[in-house]
Amino acid sequence: QVHLVESGGDSVQAGGSLRLSCVVSEHIPRGYCMGWFRQAPGKEREGVASLYPGGPDTNYADSVKGRFTISKDNTENTLYLQMHSLKPEDTAMYYCAARAPRFSDYDPCALIDYNYWGQGTQVTVSS
């Protein structure tokens with residue numbers, strides 16, 4: 001069963017912007033942590049941004065702070081990643097993910113142990 005469907009990936013020039021979308025299935029509780037991850041060829045997957053809808057609290061990888069914004073439209077049950085000032089090193093497959101928050105943790109929605117994943121959308125940034 002498909003729970004997360006990403007879209008919006010594209011090829012852009014450095015300095016450009018993109019907005020990724022992720023439609024979230026009704027089967028994923030609205031209080032779940034939502035995150036964006038990315039994986040470039042030959043590299044490990046890395047967490048980009050997370051959001052706890054109950055806050056809403058957001059956190060970002062240092063590499064994207066000030067350039068990327070994660071948000072969620074609860075009316076449309078869609079997660080977004082707005083990306084500005086894109087760099088060639090942002091080139092990767094971007095994945096939307098979800099999991100239950102862990103309130104015993106310092107960061108209930110830390111970018112680890114996500115267990116619902118989308119199929120990914122490709123972002124390519126050329127110099």
Would a single hydrophobic cluster contain both Tyr95 and Val24, if residues Ile, Leu, Val, Met, Phe, Trp and Tyr are joined by side-chain heavy-atom contacts under 4.5 Å?
no
Within-4.5 Å side-chain heavy-atom neighbours: Leu111 and Trp36
no
Donor-acceptor pair, distance only, cut-off 3.5 Å: does the side chain of Arg99 make one with the backbone of Ile112?
yes
Can you confirm whether Phe68 sits close enough to Leu86 that some side-chain heavy atom of one is under 4.5 Å from a side-chain heavy atom of the other?
yes
Heavy-atom closest pair, residues Pro101 and Cys109:
CB-SG, 4.3 Å
Once rounded to the nearest 0.5 Å, what's the spacing between atom CE of Met83 and atom OG1 of Thr69?
11.0 Å
Below 4.5 Å, heavy atoms only, C-beta onward: do Asp113 and Arg102 meet side chain to side chain?
yes
Here the pair of heavy atoms bringing Asp73 nearest to Glu76 is OD1-N, 3.1 Å
Shortest non-hydrogen contact from Gly8 toward Thr121:
N-OG1, 3.9 Å
For Ser63 and Glu46, which heavy atoms make the closest approach, and how far apart are they?
OG-OE1, 4.3 Å
ILVMFWY network linking Met93 to Met34, side-chain heavy atoms under 4.5 angstrom:
no
In the single-linkage hydrophobic clustering (I, L, V, M, F, W, Y; side-chain heavy atoms under 4.5 Å), do Leu79 and Phe37 co-cluster?
no
Hey, are the side chains of Ser50 and Tyr114 touching, using non-hydrogen atoms and a 4.5 Å cut-off?
yes
4.5 Å side-chain heavy-atom contact, Tyr116 and His27:
no
Residue that, paired with Arg38, satisfies side chain to side chain contact (heavy atoms under 4.5 Å, CB included) out of Thr91, Val123, Val48, Leu81:
Val48
If you measure from OH on Tyr80 to NZ on Lys72, what distance do you get to the nearest 0.5 Å?
10.5 Å
Short N-O contact, Asp90 and Lys87, less than 4.0 angstrom
no
Any donor-acceptor pair under 3.5 Å linking the side chain of Gln39 with the backbone of Ala92?
no
Closest contact, heavy atoms only, Ser127 versus Ala14:
CA-CB, 4.2 Å
Taking a hydrophobic cluster as the set of Ile, Leu, Val, Met, Phe, Trp and Tyr residues connected by side-chain heavy atoms closer than 4.5 Å, whether directly or through intermediates, do Leu20 and Val5 fall within one such cluster?
no
Just how far is it from atom CG of Asp107 to atom SG of Cys33, taken to the nearest 0.5 Å?
7.5 Å
If hydrophobic clusters are built from ILVMFWY residues whose side chains come within less than 4.5 Å, do Val64 and Ile70 share one?
yes
So, does Glu6 use its side chain to make a donor-acceptor pair with the main chain of Cys22 at under 3.5 Å?
no
Using side-chain heavy atoms (C-beta onward) and a distance below 4.5 Å, is Trp117 in contact with Cys96?
no
Derivation and outcome, side-chain contact (heavy atoms from CB on, under 4.5 Å), residues Arg30 and Asn77
CA-CA 8 Å; Arg30 290 185 179 252; Asn77 217 17; 4.0 Å; yes
For Ala61 and Gly47, work out which heavy atoms get closest and say how close.
CB-O, 3.4 Å
